[in-house]
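A short write-up of the structure that comes next.
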Amino acid sequence: MENYDHKNIENNWKEKWYKDNIYEAVDFSPKPKKYILAELPYPSGRALHIGHAMRYTVPEVYSRYLRMKGFNVLFPMGWDAFGLPTEGYAIKANKTPQEVIQELGTNYKAAMQDMGYGIDWNREINTSDPKYYKWTQWLFLKFYENGLAEPKEMPVWWCPELGNLADEEVLTAADGGKVSERGGYKVEKKMYKQWVLKMPMYAEKLIQGLDDTDFPDYIKTAQKNWIDKKVGINITYNIENSDETVIVFTTRPDTNFGATFIVLAPESDIISKITSAEQKAAVDEYVEKAKNKSDMERIVETKVKTGVFLGAYAINPLTTYKMPIYVADYVLGSVGTGAVVGVPGHDMRDFEFAQKFNIPVIRVVVGKDGDKSDITTASQVNESDGTMINSAFLDGMDIHDATEKIMDYLEEKGWGKRTVTYKIRDWVFARQRYWGEPIPVVYKENGEIEAIVKTTDVEGVKKKLPLELPYTKDFKPQSDGSSALARMDDWLNTTDSEGKPAKRETQTMPTWAGSNWYFIRYIDPKNDEVFADFEKMKYWLPVDKYYGDPGHTTMHLLYSRFWYKFFYDLGLVPTTEPYKYRMTGGLLLGPDGQKMSKSRGNVVEPGTLIEQFGADTVRMTLCFIGPYEDTYPWNENSVKAVHKFINNIYALKAKVNGKESSLETQKMYNKMIKNVTGMAENLKMNTAVSEFMIFVNALKKEENINIEIWKGFTKVLAPFIPFTAEELWQEANGFTEWKKENSVHLQEWPTYDEKLATENLLKIAVQINGKVKDEVEVSLAESEDSVKTKVLASEKVKAALGENTIKKFIYVPGKIVNIVA
RNA sequence: GCCCGGGUGGUGGAAUGGCAGACACGAAAGACUUAAAAUCUUUUGCCUGCAAAGGCGUGCGGGUUCGACUCCCGCCCUGGGCACCA
């Protein structure tokens, strides 16, 4: 008998499928559409690795299932080619990013075709292609024209040898200092004028819009937490012997009668203005030290509170209390107003700080425990509920009522103003790097910024966009922090709209730029007139299911939603939200249980596995190994097991004939179709494969297999093992010549007979007081009385019951009997 | 520190209020073989027991329920994210 020859089978069908583009997504097809999106990869390694394959295979199987269910499916792919990962790879490979992308794009595409992915390659995109980034630049100019993009001083790591560096390229040395990852040079934080996008202006819309999606709750929560909306009040305090004031934001003004100090973030401008002469040296030293710490390090280190007294006092207008002012790095400049008012009785961090610096603690809230004594230990610090005391006109009120009342009072007196703050900040949208979309603006002689073209000027856009990235082999950044573009004089020097000399912007956009809107371009990837045709967008959008990295739950997802919502407000896109549903995939670890990485040497490449076992084996292994969302190690043994399993399927074809299958087999078949359908619908590909295994184990015991059952089986196998399924399907139908419409992948998903799929007679457990004592066979339609009679007739039940009387008889139809004795 | 996940046999996992461990892997024993590989058969949560049988068991401690891996409260451990990697 023939052996399963994966190489022949796969090469044969792969060629035919892609030549005839059987996975074409048809614009305006009368079939219902499904847009299934998996995040596009950013090429940064020699080849696709098995982790990528995991991310794509399961959604791809799902997209194939939907196609067979009669949907017009868009499952596109492309390359997120700009940005640091590719530039970094180019530096290491000693090539230009252009060469690298050419090479990797080809490799990745070949790898995906080897995997048999059902992709309409006519829609392939590459974010570094001028025809693509023309529109990224055009969209950027929309932000600029509407005042949502502007240059702003923002902190960045700077290295005198390497120029500006990303957080990721900076390490902490043994002495606690900061050094560059490459070369180990000293680096420091400095302010640099960079383009930002004003995302906080969309904070409210980004929160509200979540209601229009079916995102799982954990993703909605993550997005809300990232935006972090807080309702509170800005209180202005006068400073003793000074004209300066300090403004603090607080959500708990109710406790303000207990305020005993103020803490400023080290970044705060007023520090230098109000620090006393005696304290100046100590304060300067502290501020300097805090400068090179990241926000995160500052937060993590707050277990031990540090800080320095400024030698100045603010007056609490409610109590006339003289509150000493400190600088401490646990207060972050980027949060609220960069200053907090310390209420040590009712905030744990404030309490710790007060203990350390011997600041008095005043109790202003009595909690449920009724404790009214002085607060001397951390366990007495009440942060969340209770009744006011020691707070004049607030006394006796619940804290929540008191919060409203005191805010009214502070506003009336002119000491405060109700405010809503968001933690979400301006998004730094520039890199001092070569490999990105050039920002299409120029600096005029007088320093003014001018967009190179108005987005509404159709002819101008055709002429001026894309602003192409000039080619150079010398693409490393400059030591002054600017990108390689700053030394390319021919490109740098240009003219403004009046023909006067001007200089181009030398910063480029971050990788996010292209990936913020790529899902729109797949809809109309070759359009030179607009970024995508509106009618086509109306047909395809929103994306029905978006699968990707859990690390993108906040930033990428939020960023692209922000862009999209802005476009919606401009009337450029047809729906309020880009993605109807989002699901994240887990991480596939190396065989050693560690994250796959080149340095650990545990990277598994699908290429070698495909060579040895075939793509179908790799695909089905990735489906079978575990649930899509979870993280687990790669297991070489699973590949062998699945390969054996596919061999077993293939061998079954020898038993196929026209004879009727046994009733038992018919039942198993219908059950299998029913279960697999439900599982594919819910992306439970691992249990779907189990169903196949159960079915095959049963078929192995049969003498013959009815041809219609066999055809149905090859159809449900098709999304999982497309090559083998095609081979078996073509043979079962006796097709000798390839015809696109005969492909198994364009057939209808099989239906099942509910009667055969449901077992009529069931064995159900009989419990006494929750412990299983016996089993009885019942039919689904049977009445409770009849079941009860059967159960009570059982010898085992009688024995177990003994002398006890039955207090309660519970029968859950088709499930279980429980007797309470 | 804050936020979001996750903890079930030797391993990956199944079961979303109804017989915990489906389906696999691994392991052990056996068959075939000169032998090995491959293949096939059987066993396999833990403990006591020759067996029959019994007891225990889903990170830990409580609770709700006739019934809890599943729901609620409080812990412990662990993975990820925290804004210039994307």
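Per chain, numbering begins at 1; letters A, B, ... match sequence-line order.
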| task | Indicate yes or no for a side-chain donor-acceptor contact from Lys356(A) to the backbone of Lys305(A) under 3.5 Å, with no hydrogens or angles considered. | result |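 Judged by distance alone, yes, a pair lies under 3.5 Å.
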
| What one-letter contact string describes nucleotides 7-21 of chain B from 5' to 3', where B marks a base within less than 4.0 Å of any protein heavy atom, S marks contact via sugar-phosphate atoms alone, and - marks no contact? | -----BSS---BB--

What's the [atom1]-[atom2] distance between [X] and [N], to the nearest Å?
X	N	atom1	atom2	result
Asp549(A)	rG81(B)	CG	C1'	10 Å
Asn648(A)	rC40(B)	CG	C1'	11 Å
Lys220(A)	rG5(B)	NZ	P	14 Å
Met620(A)	rC25(B)	CE	C1'	16 Å
Met555(A)	rG80(B)	CE	C1'	15 Å
Gln223(A)	rC3(B)	CD	P	17 Å
Glu629(A)	rG80(B)	CD	P	18 Å
Lys640(A)	rA37(B)	NZ	P	13 Å

| message | Classify the ring geometry of Tyr579(A) against His556(A): parallel below 30°, tilted from 30° to 60°, perpendicular beyond 60°. | response | tilted

Counting any heavy atom closer than 4.0 Å, what does [X] reach on the DNA or RNA strands: base, sugar-phosphate only, or nothing?
X	result
Asp228(A)	nothing
Met693(A)	sugar-phosphate
Lys807(A)	nothing
Val428(A)	base
Thr221(A)	sugar-phosphate
Pro550(A)	nothing
Asn164(A)	nothing
Lys224(A)	nothing
Ile219(A)	nothing
Trp226(A)	base
Lys773(A)	nothing

Closest listed nucleotide, where the reference is the side chain of [X] and the choices are [options]:
X	options	answer
Ala641(A)	rC4(B), rC56(B), rA24(B)	rA24(B)
Glu168(A)	rC85(B), rC4(B), rA22(B)	rC85(B)
Asn225(A)	rU39(B), rA24(B), rC3(B)	rC3(B)
Tyr42(A)	rC85(B), rA24(B), rC56(B)	rC85(B)

If I pick the [atom1] atom on [M] and the same atom on [N], what distance separates them, to the nearest angstrom?
N	M	atom1	value
rC69(B)	rG18(B)	C1'	13 Å
rU58(B)	rA52(B)	C1'	29 Å
rU41(B)	rG54(B)	C1'	30 Å
rC82(B)	rC71(B)	P	29 Å
rG59(B)	rG5(B)	C1'	16 Å
rG1(B)	rU65(B)	P	36 Å
rG12(B)	rU39(B)	P	24 Å
rC77(B)	rU44(B)	P	37 Å

| Any side-chain donor paired with an acceptor under 3.5 Å for Thr508(A) and Trp435(A)? | no

Determine whether the aromatic ring centres of [X] and [Y] lie less than 6.0 Å apart.
X	Y	answer
Trp158(A)	Tyr192(A)	no
Trp563(A)	Tyr202(A)	no
Phe645(A)	Phe692(A)	no
Phe519(A)	Tyr546(A)	no

If we only count heavy atoms from C-beta on, is the [X] to [Y] side-chain gap below 4.5 Å?
X	Y	answer
Arg619(A)	Thr57(A)	yes
Asp80(A)	Tyr518(A)	no
Leu197(A)	Phe140(A)	yes
Val604(A)	His49(A)	no

| Under 4.0 Å between a side-chain N or O of Arg55(A) and OP1 or OP2 of rA86(B)? |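 Negative; the distance criterion is not met.
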
| field | For rG9(B), glycosidic torsion class - syn if within 90° of 0, otherwise anti | value |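 The base of rG9(B) is oriented syn (glycosidic angle within 90° of 0).
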
| What would the secondary structure line of RNA chain B be in dot-bracket form, counting Watson-Crick and G-U wobble pairs under 3.5 Å, with [ ] for pairs that cross earlier ones and | for pairs with another strand? | (((((((..(((.....[....)))((((((.......))))))((((....))))..(((((..]....))))))))))))....

| Between Asn769(A) and Val689(A), which has a closest nucleotide on RNA chain B that is more 5'? | Val689(A)

| task | Could you pick out which residue, Tyr218(A) or Pro510(A), lies toward the 5' side of RNA chain B when each is mapped onto its nearest nucleotide? | result | Tyr218(A)

| If you round to the nearest 0.5 Å, how far is CZ of Arg55(A) from OG1 of Thr584(A)? |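 Between atom OG1 of Thr584(A) and atom CZ of Arg55(A) there are 8.0 Å.
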
| task | Kindly write out the residues that satisfy salt bridge (charged side-chain N to carboxylate O under 4.0 Å, His left out) with Lys667(A), not counting sequence neighbours, or none if the list is empty. | result |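 Counting only residues at least two positions away or on another chain, Lys667(A) forms a salt bridge (charged side-chain N to carboxylate O under 4.0 Å, His left out) with Glu759(A).
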
